[in-house]
Every structure is written in C-alpha cells, then in structure tokens.
Amino acid sequence: MLLENLNHVKNKIAEALSKRTEPKETGDTVTLVAVTKNHEAQVITDIQALGVMNIGENRVQEAKHKQEDLGHNGTWHLIGHLQTNKVKQAVELFDIIESVDSSRLLEAINTEAEKKDKVQDILLQINIAGEEQKSGFSPDEYEEIKNSLDAFKSIRIRGIMVIAPLTLQDAEEARPIFKEAYQYFCQLKGLRSHIDYLSMGMSGDYHIAIEEGANLVRLGTTLFGERDYSKN
Ligand SMILES: *Cc1c(COP(=O)(O)O)cnc(C)c1O
C-alpha cells in the first residue's frame, strides 16, 4: 500500500515537472518530505526503508518521542508553528526548521544554535495569501526583515516555505499563490547565497506547486492515509 502510494506520488511529481513551460531557478528535481505527524513512529521506519529520508513533523514534542523510539535517521523538518519556549528542543531535534515566521523566532533560534555550536538551517514562512489564522511573515514584515538577515550568524537561510489556503475548492486556485511564492524565492536567491529550497505543495495541491517551481513538497495524507486526531 505504502509502496503503491509512493509510486503514485513519484509519477505525479514527474508529470508535474514535465508540464513546466520554462526552466525554473529551483532546478528540475523535487525533494519529497514525508509528513508523519499524527501517525505511529513505525511509518517513519517504513517510508525510510523505501528511500524517503526527509521526515516532516509539526510538533516538537511528538518529534521528540519519535526520535526517542527510533533515533534520528534522515533529515527532520519542522513544519508547524514554533513557540519560542520550544526553540531549544527544536534546534536539538530538527535539521531544518521550515516554519520560521517572526523576527523574535529568528533571534531565539540564533541564540540556541549559537549555544550548541550549530548552524541551524531554516526556511522563512511567508503568509502570501494574508490569511489571518495562518502563521508566516506578512509580506510587509518580510520586506522589513529581508535585508537584515545577516545578523543571525548561527542561522543559514535556505529558502522559503508557503502554505496555500486550505479552504480552496480547487487546487488550481492556489496557482497564483505559488507563482507569487516563486517570485519571492527568485528575489531572495538574488540577494543571498545558500538559497535553494522553495517548499510548497501538500497532498491536495503539490502537482500545481511543482509546475510553478516548488522543489520541496510536504506530503502526508496521500502517502499514509487520513490522520487520526482522536489520539491527541
Ligand atoms: C500536515 C501538513 C502537511 C501535509 O498535509 P497533507 O495534506 O496531509 O499532505 C504539509 N505541510 C504542513 C505545514 C502541514 O502542517
């Protein structure tokens, strides 16, 4: 089942790449992050056995428990909102924090990473659609910080993360947001070195995201089925 789902995803990724009308600055390969939140730790072992080494979790505590069970294999991505009081643990547990959404968080991550002699990879999450409930830098906040990022010596900014509104009827409606996100990526890449990731696309819309330049997609449901939230 999992193998079938993974093969389906791989085909869909290849198909989306072939639909691009022009070469993208994000390159022509896509990294798949398997989103294992709200699933048993075992699914991490299963998907890694199939060669998918990038794991996405949205809560620090859950990732901690899973790493206590399984150890830390592959590359762990934090994709959920991070509270400043969890930063210390997040820096210990995650190879890349995709959901950095405030200058306060940048400062806190920088401080903890420096203490650990680590350079923490991160993505800047931008709330392009301007949704009120959604975290992310607003476009205005982003404009303010984007030229002062060199101050954070223990952080390496690798790119941009975007979540399309979950309320859309049709994935096609997310296309303008993905197009805009790609513009943000290109601009940031022009400003800084080490910019290589544009993380966008979830189970419902990753094919559109890839057509528009995503090179990192975060997939849960389409790989593992529906999440069971009753266990929380
Ligand atoms: C849960 C989650 C995903 C995966 O969503 P699916 O629709 O199950 O693929 C991707 N990105 C973020 C930020 C998430 O919280």
Side-chain angles (χ1 to χ4, degrees), residues 1-2 4-13 16 30-41 43-44 46-47 50 52-63 66 74-83 86 90 93-102 105 121-137 158-174 177-178 181 184-185 197-210 212-232:
M1 189 62 175
L2 186 54
E4 264 172 44
N5 292 350
L6 178 60
N7 284 336
H8 172 78
V9 163
K10 284 181 179 168
N11 287 335
K12 217 165 142 177
I13 290 174
V30 172
T31 299
L32 168 59
V33 176
V35 176
T36 50
K37 66 185 185 193
N38 288 92
H39 288 286
E40 304 290 332
V43 305
I44 295 174
D46 295 345
I47 196 77
L50 297 175
V52 177
M53 299 312 288
N54 286 272
I55 300 300
E57 285 283 338
N58 69 333
R59 286 162 54 227
V60 170
Q61 207 56 28
E62 188 174 336
K66 288 175 176 173
T75 304
W76 287 63
H77 297 237
L78 178 62
I79 60 173
H81 177 68
L82 176 60
Q83 291 166 320
K86 298 265 171 64
L93 297 167
F94 290 97
D95 302 286
I96 177 160
I97 300 174
E98 295 200 16
S99 44
V100 176
D101 58 6
S102 72
L105 204 47
D121 282 340
I122 69 141
L123 303 182
L124 299 168
Q125 182 181 352
I126 309 181
N127 182 1
I128 291 182
E131 290 176 286
E132 277 193 18
Q133 302 302 317
K134 189 82 60 69
S135 40
F137 287 98
R158 301 288 299 274
I160 283 169
M161 191 269 249
V162 163
I163 305 176
L166 304 174
T167 50
L168 301 179
Q169 294 294 314
D170 180 348
E172 197 55 52
E173 292 173 40
I177 289 161
F178 295 144
Y184 276 96
F185 173 89
Y197 284 136
L198 176 57
S199 173
M200 58 187 189
M202 299 166 52
S203 291
D205 56 21
Y206 69 104
H207 52 301
I208 311 280
I210 292 168
E212 298 304 333
N215 62 4
L216 198 155
V217 293
R218 310 173 306 265
L219 305 185
T221 311
T222 193
L223 287 172
F224 305 115
E226 296 294 329
R227 287 175 287 273
D228 182 359
Y229 287 104
S230 67
K231 288 191 208 127
N232 288 338

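Read the numbers this way: they start at 1 and go in the same order the structure lists the ligands and their atoms. We use all heavy atoms of the structure for the numbers below, so side chains are in, but hydrogens, waters and symmetry mates are not.
- Counting heavy atoms closer than 4.0 Å to ligand 1, residue T222 contributes nothing at all.
- Annotation: atom 8 (O) of ligand 1 to nearest protein heavy atom, T221 OG1, 2.5 Å.
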Chi angles and distances behind the side chain to side chain donor-acceptor pair (under 3.5 Å) call for E226, T221: CA-CA 5 Å; E226 296 294 329; T221 311; 5.0 Å; no
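- R227 counts as a contact of ligand 1, since one of its heavy atoms falls under 4.0 Å from the ligand.
- Formation of a donor-acceptor pair under 3.5 Å by the D95 side chain with backbone atoms of W76 is found in this model.
- Nearest to atom 15 (O) of ligand 1 among the protein's heavy atoms is K37 NZ, 2.7 Å.
- Formation of a donor-acceptor pair under 3.5 Å by the N7 side chain with backbone atoms of E4 is not found in this model.
- Listed for the T36 side chain is no donor-acceptor partner under 3.5 Å among the backbone atoms of H39.
- Protein heavy atom at the shortest distance from atom 11 (N) of ligand 1 is R218 NE, 2.8 Å.
- Regarding atom 12 (C) of ligand 1, its nearest protein heavy-atom neighbour is I79 CD1, 3.6 Å.
- Scanning both residues, P165 and I177, for their nearest heavy atoms gives CD-CD1, 3.4 Å.
- Checking K37, K66, R218 one by one against E57, the salt bridge (charged side-chain N to carboxylate O under 4.0 Å, His left out) holds for a single residue, K66.
- Judged purely by atom type and a 3.5 angstrom limit, S99 uses its side chain to pair as donor or acceptor with the backbone of G80.
- In terms of protein heavy-atom proximity, atom 5 (O) of ligand 1 is nearest to M202 CE, 3.4 Å.
- Nearest heavy-atom pair, L219 versus F224, reported as atom, atom and distance to 0.1 Å: O-CE1, 4.4 Å.
- The atoms of ligand 1 that sit less than 4.0 Å from any heavy atom of I163 are 13 (C).
- With hydrogens left out, the protein atom closest to atom 6 (P) of ligand 1 is S203 OG, 3.5 Å, a heavy atom.
- Residue contact check: G220 has heavy atoms under 4.0 Å from atoms 4 (C), 6 (P), 8 (O), 9 (O) of ligand 1.
- For ligand 1, the atoms sitting less than 4.0 Å from at least one non-hydrogen atom of L219 are 9 (O), numbered in the order shown with element in parentheses.
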